[in-house]
Amino acid sequence: MAKEPVRVLVTGAAGQIGYSLVPMIARGVMLGTDQPVILHLLDIPPAAEALNGVKMELVDAAFPLLKGVVATTDAVEACTGVNIAIMVGGFPRKEGMERKDVMSKNVSIYKSQASALEKHAAANCKVLVVANPANTNALILKEFAPSIPEKNITCLTRLDHNRALGQISERLSVQVCDVKNVIIWGNHSSTQYPDVSHATVKTLSGEKPVCELVADDAWLKGEFITTVQQRGAAIIKARKLSSALSAASSACDHIRDWVLGTPEGTWVSMGVYSDGSYNVPAGLIYSFPVTCCNGEWTIVKGLSIDEYSRKKLDVTAEELTEEKALAYSCLS
């Protein structure tokens, strides 16, 4: 029996990330090569013509798994019946802009899109927020879509997670697929904490701790962390555009692991609703190490947190608490 198509919404679908993301979804990178999809593409009215161009290209690519495309500037039409929503659209942060300038613009966008999802999405719709400030945009969405379970609203820190894997693989000259269990704690911002204290590398003589193999504490606590934290800015400087290909790929990774599960013994980083684990204030969307099984994520419990890491976890939690307060002030 052929599977029923899954309806996947991508907002901001005519933008750079959307343009990279939709062919990956249509090709089965996100949900598997046996899962048909119907793509729902949403963008703002000024981008309607470009959005139609994306739809034309999807038709021209003749993807066997793609069973339909809804391309629209109407949020209700875009959200109707969707099983997975990837929220890429948002007000972009431009050079010289503070995150706080971006916040008030995004609050109004996420308020209206959340209301459309609340009323029209399929039951048990899974939501991934990509647009920055991603953690706080996800919190706003949760506020205005109260019937979507809090476990179903997440934000993207997998890009940072993948960046951390990439840095370690380059440093040790190993395959990136042999590095696992890095952690991104906290906010998808420059306060995030890329943590390798529990990460391992597969070697010929078994799994070895990353810290032991790198054997350079100064690099791990210095250049490694700042490179991961500031990678987005470095790519903007190099490309004159923000990271799109890697963001799209990591959004696929996030949803694939969430829906299909993480490999045994491996965790990934996801921005999820805090339950107070690791003394992170409850009610923030905060990046934790998680495992996924049967479409549900679970925070990895019981990892030891040293004093150095504790400070880093607290700093990024403080920033998220401030962002939350700022977002709520924009609401009123």
Side-chain angles (χ1 to χ4, degrees), residues 1 3-9 21 24-25 28-37 65 82-87 117 121-130 134-135 138 141-142 145 147-162 164-165 176-186 188 194-202 207 249-278 280 282-305:
M1 280 286 288
K3 291 184 175 179
E4 277 291 297
V6 171
R7 291 182 178 269
V8 182
L9 165 66
L21 177 59
M24 293 183 190
I25 300 170
V29 173
M30 194 175 87
L31 294 172
T33 52
D34 62 344
Q35 178 58 66
V37 292
L65 291 171
V82 296
N83 309 102
I84 293 169
I86 305 175
M87 317 301 284
L117 281 172
N124 211 31
C125 175
K126 287 177 159 56
V127 182
L128 168 60
V129 176
V130 176
N135 301 58
L141 192 143
K142 182 189 164 298
S147 73
I148 298 177
E150 61 196 30
K151 283 209 93 163
N152 282 21
I153 297 174
T154 64
C155 83
L156 188 71
T157 56
R158 182 60 175 268
L159 176 54
D160 310 296
H161 180 99
N162 287 352
L165 292 174
V176 74
C177 57
D178 290 335
V179 187
K180 70 174 190 181
N181 296 352
V182 300
I183 303 168
I184 302 298
W185 297 100
H188 174 62
D195 176 11
V196 295
S197 53
H198 306 278
T200 61
V201 178
K202 191 162 94 186
E207 289 190 353
S249 181
S250 56
C252 284
D253 291 344
H254 175 112
I255 297 285
R256 185 187 64 241
D257 285 343
W258 190 5
V259 172
L260 302 178
T262 46
E264 186 68 35
T266 300
W267 62 67
V268 294
S269 303
M270 284 171 67
V272 299
Y273 198 66
S274 171
D275 60 358
S277 293
Y278 296 102
V280 171
L284 295 176
I285 301 263
Y286 188 99
S287 183
F288 288 97
V290 302
T291 55
C292 304
C293 185
N294 299 326
E296 299 274 328
W297 55 263
T298 306
I299 294 172
V300 176
K301 302 282 172 127
L303 297 173
S304 59
I305 305 292

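Residue indices begin at 1 and follow the sequence shown.
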Is there a donor-acceptor pair under 3.5 Å between the side chain of [X] and the backbone N or O of [Y]?
{"X": "Trp297", "Y": "Lys151", "result": "yes"}
{"X": "Asn181", "Y": "Trp267", "result": "yes"}
{"X": "Ser287", "Y": "Ile184", "result": "yes"}
{"X": "Tyr273", "Y": "Thr154", "result": "no"}
{"X": "Gln35", "Y": "Glu4", "result": "yes"}

Asp257: which residues meet the side-chain hydrogen bond (donor to acceptor under 3.5 Å, both in side chains) condition with it, sequence neighbours left out?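 Partners of Asp257 by the side-chain hydrogen bond (donor to acceptor under 3.5 Å, both in side chains) criterion, ordered by chain and then number, come out as Arg158.
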Results of side-chain hydrogen bond (donor to acceptor under 3.5 Å, both in side chains) for Ser277 - residues two or more places apart only: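 If we apply the side-chain hydrogen bond (donor to acceptor under 3.5 Å, both in side chains) test to Ser277, skipping adjacent residues, the hits are Asp275, Lys301.
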His188 pairs by side chain to side chain donor-acceptor pair (under 3.5 Å) with which of Asn135, Thr157, Asp160? Asp160
Of all heavy-atom pairs between [X] and [Y], which one has the smallest distance, and what is that distance?
{"X": "Val182", "Y": "Ser269", "answer": "O-OG, 4.1 Å"}
{"X": "Leu65", "Y": "Thr33", "answer": "CD2-O, 3.7 Å"}
{"X": "His161", "Y": "Val268", "answer": "CE1-CA, 3.6 Å"}
{"X": "Ile153", "Y": "Ile148", "answer": "CG1-CG2, 3.9 Å"}
{"X": "Tyr286", "Y": "Gly186", "answer": "CE2-N, 3.3 Å"}
{"X": "Cys155", "Y": "Ile285", "answer": "SG-CG2, 4.0 Å"}

